[in-house]
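Everything on this sheet refers to the single structure shown next.
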2 protein chains.
Amino acid sequence: MPGIKLDPIDRKILAELQADGRMTNVELSRRVGISAPPCLRRVRALEETGFIHSYHARVNARELGFEVTVFAMVSLRSQAEADLSAFEDRVRAWPLVRECHMLNGEIDFILKCVAPDLSSFQSFLTGELTAAPNVASVKTSLVIRNGKEEPGVPFDVLESRISDDD
Amino acid sequence: MPGIKLDPIDRKILAELQADGRMTNVELSRRVGISAPPCLRRVRALEETGFIHSYHARVNARELGFEVTVFAMVSLRSQAEADLSAFEDRVRAWPLVRECHMLNGEIDFILKCVAPDLSSFQSFLTGELTAAPNVASVKTSLVIRNGKEEPGVPFDVLESRISDDD
DNA sequence: GCTGAAATCGCCTAACG
DNA sequence: CGTTAGGCGATTTCAGC
């Protein structure tokens, strides 16, 4: 899988589609400096090789009635692989949990949760999360405001580290 | 701004575009059960009213050479509004920091960072983040693996709480 | 192999009912 | 909101580098 490499045009395509995932192919081809057919072929190849995972609209959570975002730091009693996986399986079934990252250190998982209001989050917290098997402790922090939210990766950092292409 | 309301078709549109932001308008119109022109008008309206913020391709960070993701918990010495804003301004200029959330409690900010490797993150950590004005302490946690990563909000939670439409 | 040009097909997007 | 219709983008085909 790491045998596939990208040239500067591929990286430009990825950067452009990360910034605007609904851009038309002709506009994209214009921006990366090639004609439309090869541009479309490259996009399809990037999708099939997994460099592009998916496309999503970013919606305004608060306007839609999701007024609270909470980070939950979870520690488990057992860190055996089967128990870690079991917890992750459980997390995937909870719609309020949007992200789950396994961490090093004392905290085993950090969960990013979104809920309509505090009371619905708290009923999830006490009724589901802390009540789940193997959960030792949960520390929650309410998000007061969002200072930055950029999707994906910083391609400019990549460009200044790359010697050459494919 | 809260005067604008959404009917079930609008919510379906948002859910579909959150799940697949590159869907064609005719496919979208088919899924929500109306014809293409009014569907497009609704999408444009949702974009202009800010319910749809933007569209993004989700890329494979690891394949692209961003091997490490780190959560940084930052505490500041002063929590005066001017100092909080000054820190947020600084964060926006750091490409490695993809998200910055202000929290309640002892930790003032949680930062989600992405870097090509540990050494480049650590040079950012010591050279930029902990060296920034007003930063009292920074605790970092390396992401071992990702158990879940869903975009945006859980529309199914919304549906089971909504009495009626516009 | 790759790209680019031409042609076809389908979608987008006005205008109107 | 639906239908019609014209213009544009998407996608295949084919020729050239």
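Convention: sequence-line order gives letters A, B, ...; per-chain numbering from 1.
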Testing C/dA6, C/dT3, C/dC12 for proximity to the side chain of B/N25, the answer is C/dC12
To the nearest Å, give me how far apart CZ (B/R30) and P (C/dC11) are.
-> 11 Å
A/R42 side chain N/O closer than 4.0 Å to the phosphate oxygens (OP1, OP2) of C/dC2?
-> no
Can you tell me the distance, in whole Å, between the CG atom of B/L28 and the C1' atom of C/dC12?
-> 13 Å
B/I9 vs B/R22, nearer the 5' end of DNA chain D by closest nucleotide = B/I9
Please check the phosphate of C/dA14 (OP1 and OP2 only) for any side-chain N or O of B/R41 closer than 4.0 Å.
-> no
For A/M23 and C/dC11, give me the distance from atom CE to atom P, rounded to whole Å.
-> 22 Å
With the side chain of A/L40 defined as its heavy atoms from C-beta on, choose the nearest nucleotide among D/dA10, C/dG4, C/dT13.
-> D/dA10
In terms of the nearest nucleotide of DNA chain C, which residue is placed more toward the 5' end: A/G33 or B/P37?
-> A/G33
With a 4.0 Å cut-off, would you call A/E149 and A/K112 a salt bridge?
-> yes
From B/K148 NZ over to A/R98 CZ, what is the distance, rounded to the nearest 0.5 angstrom?
-> 6.0 Å
Check every strand shown and say whether B/R44 touches a base, only sugar-phosphate, or nothing at a heavy-atom separation below 4.0 Å.
-> sugar-phosphate
Using modelled atom types only, decide if a donor and an acceptor are shared between the side chain of A/Q18 and the backbone of A/V153 within a distance under 3.5 Å.
-> yes
Just call it for B/S35: base, sugar-phosphate, or nothing, with non-hydrogen atoms closer than 4.0 Å on any strand.
-> base
Output the single nucleotide from C/dA5, C/dC11, D/dG2 whose closest atom is nearest the side chain of B/P38.
-> D/dG2
Heavy-atom pair of closest approach, residues B/L118 and B/V68 | N-CG1, 3.8 Å
To the nearest Å, how far apart are A/E27 CD and D/dG9 P?
-> 10 Å
Any side-chain donor-acceptor pair under 3.5 Å between A/E81 and A/S85?
-> yes
Take atom CD of B/E47 and atom P of C/dC12, then tell me their distance rounded to the nearest Å.
-> 13 Å
